[in-house]
Amino acid sequence: MAGMIEEAFLRDMERNGLRVTRPYSFKSYTLDKDQAASADPSAHPVTVELVKGSVSQDGTHQGAVTTVKTKYLVGCDGGRSAVRTYGEKHHGITMAGDLLSTLWGAGDFVVKTDFPDIRKIAAIHSANQGSAYVFPRENNVDNQPMIRLYTQVNVINGEKSTMHPQEARWKVTAQDIMDADKRIFHPYKLEFVKTEWWSAYPIGQRLISQYDVENRVFMAGDACHTHSPKAGQGMNTALIDAHNLSFKMNMVLRGLAHPDLLKTYNDERWKIGKQLIDFDEEYAALFSGEVPKSTPEVANMTKEEVKKHFIEVQRR
Ligand SMILES: Cc1cc2nc3c(=O)[nH]c(=O)nc-3n(C[C@H](O)[C@H](O)[C@H](O)COP(=O)(O)OP(=O)(O)OC[C@H]3O[C@@H](n4cnc5c(N)ncnc54)[C@H](O)[C@@H]3O)c2cc1C
């Protein structure tokens with residue numbers, strides 16, 4: 001979905017004569033602290049190294065390095081943000097949080113089923129085979145209706161896999177996800193006609209310690225907050241992060257506001273990130289049949305009470 005929305009933005013920009021190109025990858029940055037603190041509009045305190053082409057996870061690359069001096073650097077480079085990672089190693093940034101011991105699969109499928117709510121948003125908590133979440137989607141290119149399925153893949157017959165989700169994510173196959181769905185949907189039948197896309201991801205909630213470094217390097221979106229996709233909040237929050245930052249930066253760069261205005265970005269958006277992470281910790285744990293850390297009293301609830309509580313949290 002996020003990809004489709006990004007495409008819509010890109011098409012609209014093209015209609016208006018602008019094209020996004022991505023010839024470089026981020027490598028590193030250094031900050032001149034004195035210049036960073038100055039309100040001088042001509043200061044370029046950030047020196048960024050960019051690499052033509054891509055940089056691998058261990059920092060190696062084939063392409064040539066280009067150095068640019070800039071007033072500001074914005075890391076909106078996703079959950080594995082290289083700008084954030086560099087900040088973690090060299091500029092005191094931390095990413096707090098942990099991973100739940102739950103592995104989920106996500107996939108877009110065309111299915112045949114007698115499950116009556118397949119064209120509705122539906123949460124299925126099976127007795128002992130894990131949970132699934134159904135989202136009806138648009139038709140595929142062959143005009144067949146697709147569904148998005150989020151599937152808990154590490155529970156079989158009530159037994160949780162002992163493999164760490166980070167390791168298991170690379171071993172899970174589309175077939176594993178489909179098999180898990182069949183077990184969760186039982187006694188309804190589920191036949192997979194086509195797999196359009198799939199992925200596997202461990203659930204974790206992590207939040208960056210601050211959204212900026214010296215009010216000159218900023219991070220936004222998944223670079224700052226990573227969580228489960230269940231509540232559909234990641235892209236929404238990323239867009240508002242970006243909007244909050246860009247209107248302020250526009251005012252500062254045009255000389256209409258003092259650079260201190262940019263400090264309010266961290267003040268305003270970190271709180272929202274924290275809210276999102278706290279909510280997701282509770283929601284994702286309940287979804288996976290676990291007891292949320294924030295509400296340990298769930299452990300003492302009856303099945304009926306947990307069900308009611310889950311619906312209340314979902315409404316929230
Ligand atoms: C299965 C799934 C379903 C989801 N469903 C929803 C939903 O329904 N609603 C919702 O709001 N959110 C949803 N999300 C979350 C949403 O996709 C993300 O929160 C959102 O895409 C974050 O946007 P972003 O711009 O921060 O990061 P990304 O979309 O990850 O974009 C990062 C960009 O940075 C680029 N990049 C990365 N590294 C570098 C580098 N070193 N140099 C240069 N460029 C780099 C990448 O190529 C990419 O273009 C879902 C996520 C998943 C996985």
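Scope of the values below: all heavy atoms of this structure, side chains included, with no hydrogens, waters or symmetry mates. Order of appearance sets the numbers: ligands from 1, and atoms from 1 within every ligand. Residue indices begin at 1 and follow the sequence shown.
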Side chain, backbone, both or neither: the part of Y201 lying under 4.0 Å from ligand 1 by heavy atom: neither
Note: heavy atom closest to atom 36 (N) of ligand 1, options T226, D77, T85, belongs to D77
Kindly assign one of parallel, tilted or perpendicular to the pair H225 and Y211, based on the angle between their ring planes and the thresholds 30° and 60°. tilted
For the hydrophobic clusters of this structure (ILVMFWY residues joined by side-chain heavy atoms under 4.5 Å, transitively), does one cluster hold both L103 and W197? no
Answer yes if the ring centres of W104 and Y133 are under 6.0 angstrom apart, and no otherwise. no
W197 and ligand 1 - part of the residue with a heavy-atom distance under 4.0 Å: side chain
Flag this pair as yes if the NZ/CZ of K52 is under 6.0 angstrom from the six-membered ring centre of Y24 and inside a 45 degree cone about the axis; otherwise no. yes
Output for pair (Q129 CD, F185 CZ), nearest 0.5 Å, gives 13.5 Å
Counting from 1, what ligand 1 atoms have a heavy atom of Q233 closer than 4.0 Å? 10 (C), 11 (O)
Numbered atoms and elements of ligand 1 in range of S25, under 4.0 angstrom, heavy atoms: 42 (N)
F26-ligand 1 polar pair, N/O distance under 3.5 Å: yes
Enumerate the atoms of ligand 1 whose separation from the nearest heavy atom of G78 is less than 4.0 angstrom. 27 (O), 30 (O), 32 (C)
Using a 4.0 Å cutoff against the non-hydrogen atoms of A82, which atoms of ligand 1 qualify? 41 (N)
M219-M235 co-clustered via ILVMFWY side chain contacts under 4.5 Å: no
Find all atoms of ligand 1 within a distance of less than 4.0 Å from any non-hydrogen atom belonging to R148, and give their numbers and elements. 1 (C), 3 (C)
Output the list of atoms in ligand 1 that are nearer than 4.0 Å to some heavy atom of G221, sorted by atom number. 26 (O)
For salt bridge (Lys or Arg N to Asp or Glu O under 4.0 Å), just list the numbers for K33 and E214, CA-CA rounded to whole Å, side-chain angles, deciding distance to a tenth of an Å, and then say yes or no. CA-CA 8 Å; K33 290 204 175 179; E214 307 285 343; 3.5 Å; yes
How are the rings of Y188 and F115 set relative to one another: parallel (under 30°), tilted (30 to 60°) or perpendicular (over 60°)? perpendicular
Which segment of C76 sits under 4.0 Å of ligand 1 when only heavy atoms are counted: backbone
Quick one: does F135 get a heavy atom under 4.0 Å from ligand 1? no
For ligand 1, which atoms, with element, lie under 4.0 Å from some heavy atom of N236? 11 (O)
Does the gap between the ring centers of H91 and Y29 come in under 6.0 Å? yes
Say whether E6, considering both its backbone and side-chain N or O atoms, lies within less than 3.5 Å of an N or O atom on ligand 1. no
